[in-house]
Amino acid sequence: GENVEQHPSTLSVQEGDSAVIKCTYSDSASNYFPWYKQELGKGPQLIIDIRSNVGEKKDQRIAVTLNKTAKHFSLHITETQPEDSAVYFCAARDGNQFYFGTGTSLTVIP
Amino acid sequence: SAVISQKPSRDICQRGTSLTIQCQVDSQVTMMFWYRQQPGQSLTLIATANQGSEATYESGFVIDKFPISRPNLTFSTLTVSNMSPEDSSIYLCSVGTGKGYTFGSGTRLTVV
């Protein structure tokens with residue numbers, strides 16, 4: 001089955017700086033890659049996603065890049081704000097099943 | 001995207017008892033899933049809830065321990081049976097729509 005690895009596990013940045021979280025996957029058949037943000041006490045919320053026929057997608061301060069050849073995708077958050085502090089999960093979909101990364105705890109320091 | 005109402009949001013239960021978690025969606029969805037998230041960990045798929053047939057369980061999860069109902073396209077329940085402290089986790093339902101996959105807010109279960 002699919003194996004998704006996520007790095008780093010923790011990340012601290014100063015407010016206004018950029019944050020980058022990286023994930024790799026193993027199954028070339030995976031074709032959909034969402035990113036979720038989970039705040040304390042809440043369920044994961046989809047923040048951005050990318051399909052395998054696209055190399056990059058941007059939504060305001062958030063962008064995701066995908067390199068199918070290398071089987072890795074990354075989340076980029078620019079101009080970070082304290083409210084960006086949360087745990088972020090990447091995932092890869094193979095068929096109908098999702099495989100999640102282990103999560104990155106992002107702290108934005110005011 | 002679909003809006004999911006999950007109940008209860010949290011509970012503290014005695015070992016050996018059972019808890020049923022409900023997931024209500026504001027629209028009809030084909031795919032409904034149940035996940036477990038242990039403290040500080042990632043999400044693990046328990047099963048896919050199929051409407052009109054038995055749920056499909058992932059390796060390590062069995063129907064006797066986690067019975068699932070899916071009576072229609074907007075509702076599902078997950079029961080955690082004969083609970084032990086190791087079952088303390090967050091349980092989440094998720095649905096897939098044409099706009100992506102959405103999660104409920106989760107049920108934080110503590111077994112004492």
Side-chain angles (χ1 to χ4, degrees), chain A residues 1-11 21-27 30-52 54 57 59 62 64 73 75 86-107, chain B residues 1-11 21-25 29-51 53 55-61 78 89-110:
Chain A
E2 176 64 277
N3 179 44
V4 178
E5 295 188 356
Q6 183 172 347
H7 301 279
S9 58
T10 60
L11 179 60
I21 303 170
K22 299 181 179 181
C23 287
T24 61
Y25 62 99
S26 60
D27 190 347
S30 292
N31 58 10
Y32 174 67
F33 307 91
W35 285 89
Y36 290 88
K37 175 184 181 182
Q38 187 174 27
E39 297 174 310
L40 196 63
K42 298 183 179 180
Q45 286 190 301
L46 177 68
I47 55 172
I48 196 167
D49 56 12
I50 192 167
R51 300 186 187 275
S52 58
V54 176
K57 183 177 179 180
D59 182 4
I62 296 173
V64 56
F73 55 112
L75 176 71
V87 178
Y88 291 80
F89 291 98
C90 64
R93 186 180 68 186
D94 181 3
N96 283 323
Q97 185 160 344
F98 279 98
Y99 297 85
F100 286 86
T102 48
T104 297
S105 178
L106 173 64
T107 302
Chain B
S1 58
V3 176
I4 300 173
S5 174
Q6 187 173 337
K7 298 178 182 179
S9 59
R10 58 177 64 232
D11 207 340
I21 303 167
Q22 299 181 3
C23 181
Q24 178 74 54
V25 191
V29 293
T30 304
M31 309 297 292
M32 291 185 76
F33 308 92
W34 287 98
Y35 284 85
R36 181 174 72 183
Q37 186 177 27
Q38 294 181 303
Q41 302 295 315
S42 188
L43 293 86
T44 301
L45 181 64
I46 297 172
T48 302
N50 303 308
Q51 196 269 329
S53 64
T56 305
Y57 289 83
E58 298 302 308
S59 176
F61 298 97
L78 168 75
S89 277
I90 299 172
Y91 292 85
L92 298 136
C93 70
S94 176
V95 302
T97 69
K99 296 184 179 180
Y101 288 72
T102 303
F103 285 86
S105 54
T107 296
R108 183 179 294 272
L109 170 63
T110 302

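Here is the naming used below: chain letters follow the sequence lines, and residue numbers restart at 1 for every chain. FYI, side chains are in, hydrogens and waters are out, and symmetry mates aren't considered; it's all heavy atoms of this structure.
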Open item on the list: Between B:Leu92 and A:Pro44, is there a side-chain heavy-atom distance shorter than 4.5 Å?
Closed with: yes

TODO: May I ask you to test the A:Gln38-B:Phe103 pair for a side-chain heavy-atom distance under 4.5 Å?
DONE: no

- [ ] Please flag which part of A:Tyr36 lies under 4.5 Å from any non-hydrogen atom of chain B: side chain, backbone, both or neither.
- [x] side chain

Task: Side chain / backbone / both / neither for A:Gln97 at chain B, heavy atoms under 4.5 Å - done: side chain

Open item on the list: Using 30° and 60° as the class boundaries, would you call the ring planes of B:Tyr101 and A:Tyr32 parallel, tilted or perpendicular?
Closed with: tilted

- [ ] Kindly determine whether B:Phe33 and A:Phe98 satisfy side chain to side chain contact (heavy atoms under 4.5 Å, CB included), including the steps that lead there.
- [x] CA-CA 10 Å; B:Phe33 308 92; A:Phe98 279 98; 5.7 Å; no

Task: Contact class of B:Gln37 relative to chain A, heavy atoms under 4.5 angstrom - done: side chain

Task: Engaged part of B:Leu45 at the chain A interface, taking heavy atoms whose separation is under 4.5 Å - done: side chain

Open item on the list: How long is the straight-line distance from OG of B:Ser105 back to CD of A:Gln45, given to the nearest 0.5 Å?
Closed with: 10.0 Å

Open item on the list: If the condition is side-chain contact (heavy atoms from CB on, under 4.5 Å), which residues does B:Gln38 pass it with, not counting sequence neighbours?
Closed with: B:Arg36, B:Gln41, B:Ser89

Task: side-chain contact (heavy atoms from CB on, under 4.5 Å) involving A:Ser105 - partner list, sequence neighbours excluded - done: A:Thr10, A:Val87

Task: Donor-acceptor contact present, side-chain B:Ser42 to main-chain A:Gly103, <3.5 Å - done: no

